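In what follows, a single structure is set out as structure tokens and then discussed.
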Amino acid sequence: MKNRPFTFMLVAASLDGKISPRRRPGQANPVGPELIDDDIMRLHNSKRAGVDAVMVGLNCILLDDARLTLREGEGRSPIRVVLDGLAEMPPAARILDRDAPTVVVVSKDAPPGRVRTLRDKGADVITSGRGRFVDLAPAMEELWGRFGVSRLMVEGGGTVHRSMISSGLYDEVHLIICPFVIGGSRSITPVDRWPFWPRGPIPRYSLAESQVIGDYIYVVYRPIEA
Ligand SMILES: NC(=O)c1ccc[n+]([C@@H]2O[C@H](COP(=O)([O-])OP(=O)(O)OC[C@H]3O[C@@H](n4cnc5c(N)ncnc54)[C@H](OP(=O)(O)O)[C@@H]3O)[C@@H](O)[C@H]2O)c1
């Protein structure tokens, strides 16, 4: 048995395979509820409602100030988990609002003062690995063992998905293909930063589910063991 939650990534990608234009902090995200159909926003919310925790990387907080809660009146929000190796999350981040439990995963190199601030704001802290990128395997084991997370949804961004895939600590990829293009060679892709090849093989998947929702396509893929 795996000592980690059942884990899937959920990503909404444009027709040209991007998840966001590259932005500066404070620049609004054009890929949001104004652009995406209500049916898809409802699907997203129902996926959140069906898990014990959602996990994102620090950039989702710095760029989007994401709250990761369910829409008002739609039940109890899952635990919110942020990967933040050096505890750089601003104390004013909305995810520290106490509307739902928040767990920040830091590394042993996170300055103690910043970690204390996160705890003072009500967050629980997991310490895993060294440097900016936390070690995912012990963090996920702790989410499972200490926090009782048996289903985890990873909601980006591209860098976190890259780490998830290279560590093999996930079960499914849920992809929503959206009817718009973002363009730009510097835009963020669902799996960003470094290519898998030539250092290793290109990860492959089998199709488990597909659904057409208006102009959108929702697909679930499972990794094929190399
Ligand atoms: N369309 C969608 O479905 C969707 C969903 C989510 C996000 N997004 C977009 O994606 C963008 C953010 O993506 P991103 O790739 O820039 O950043 P990200 O994946 O959100 O965050 C990456 C950062 O998380 C921290 N981190 C700590 N441990 C890590 C680990 N083990 N693996 C990976 N990261 C770890 C690091 O912070 P430091 O290096 O700073 O310490 C890393 O740079 C935003 O524009 C957001 O709007 C789109």
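Indexing begins at 1, ligand by ligand and atom by atom, following the structure's order. Computation of the quantities below employed the complete heavy-atom set of this structure, encompassing side-chain atoms and omitting hydrogens, waters and symmetry-equivalent molecules. Keep in mind that this is a model prediction, so the values were computed, not measured.
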List ligand 1's nitrogen or oxygen atoms that come under 3.5 Å of a protein nitrogen or oxygen, with the partner atom and distance.
residue: ligand 1; atom: 1 (N); partner: Ala12; partner atom: O; Å: 2.9
residue: ligand 1; atom: 1 (N); partner: Ile19; partner atom: O; Å: 3.3
residue: ligand 1; atom: 3 (O); partner: Ala12; partner atom: N; Å: 2.8
residue: ligand 1; atom: 15 (O); partner: Gly158; partner atom: N; Å: 3.2
residue: ligand 1; atom: 15 (O); partner: Thr159; partner atom: N; Å: 2.9
residue: ligand 1; atom: 15 (O); partner: Thr159; partner atom: OG1; Å: 2.6
residue: ligand 1; atom: 16 (O); partner: Asn59; partner atom: ND2; Å: 3.0
residue: ligand 1; atom: 17 (O); partner: Asn59; partner atom: ND2; Å: 3.1
residue: ligand 1; atom: 19 (O); partner: Gly157; partner atom: N; Å: 3.0
residue: ligand 1; atom: 19 (O); partner: Gly157; partner atom: O; Å: 3.4
residue: ligand 1; atom: 19 (O); partner: Thr159; partner atom: N; Å: 3.3
residue: ligand 1; atom: 19 (O); partner: Val160; partner atom: N; Å: 3.0
residue: ligand 1; atom: 20 (O); partner: Cys60; partner atom: N; Å: 3.3
residue: ligand 1; atom: 20 (O); partner: Gly157; partner atom: N; Å: 3.1
residue: ligand 1; atom: 21 (O); partner: Asn59; partner atom: N; Å: 3.4
residue: ligand 1; atom: 24 (O); partner: Leu58; partner atom: N; Å: 3.1
residue: ligand 1; atom: 28 (N); partner: Val134; partner atom: N; Å: 3.0
residue: ligand 1; atom: 31 (N); partner: Val134; partner atom: O; Å: 3.0
residue: ligand 1; atom: 32 (N); partner: Ser163; partner atom: OG; Å: 2.5
residue: ligand 1; atom: 39 (O); partner: Arg132; partner atom: NE; Å: 3.2
residue: ligand 1; atom: 40 (O); partner: Arg132; partner atom: NH2; Å: 3.4
residue: ligand 1; atom: 41 (O); partner: Arg132; partner atom: NE; Å: 3.0
residue: ligand 1; atom: 41 (O); partner: Arg132; partner atom: NH2; Å: 3.4
residue: ligand 1; atom: 43 (O); partner: Arg193; partner atom: NH2; Å: 3.1
residue: ligand 1; atom: 45 (O); partner: Ser20; partner atom: OG; Å: 3.1
residue: ligand 1; atom: 45 (O); partner: Arg23; partner atom: NH2; Å: 2.9
residue: ligand 1; atom: 47 (O); partner: Arg23; partner atom: NH2; Å: 2.9
residue: ligand 1; atom: 47 (O); partner: Asn29; partner atom: ND2; Å: 3.3
residue: ligand 1; atom: 47 (O); partner: Asp64; partner atom: OD2; Å: 2.6

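- The environment of Arg71 atom CZ is dense: over 12 non-hydrogen atoms of other residues, nucleotides or ligands sit within 6.0 angstrom.
- In this structure, Arg222 forms no cation-pi arrangement with Phe8, as its terminal cationic atom is not both closer than 6.0 Å to the ring centre and no more than 45° off the ring axis.
- Side-chain contact annotation: Thr189 with Asp192, donor-acceptor N/O pair under 3.5 Å present.
- Side-chain contact, Asp52 with Ser150: a donor N or O sits under 3.5 Å from an acceptor N or O.
- Looking only at side-chain heavy atoms (C-beta outward), Met164 and Met140 come within less than 4.5 Å of each other.
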- request: Start with the C-alpha distance between Asp64 and Arg23, add both sets of side-chain angles, then the distance that settles salt bridge (charged side-chain N to carboxylate O under 4.0 Å, His left out), and finish with yes or no.
  value: CA-CA 10 Å; Asp64 297 336; Arg23 288 174 292 134; 2.7 Å; yes
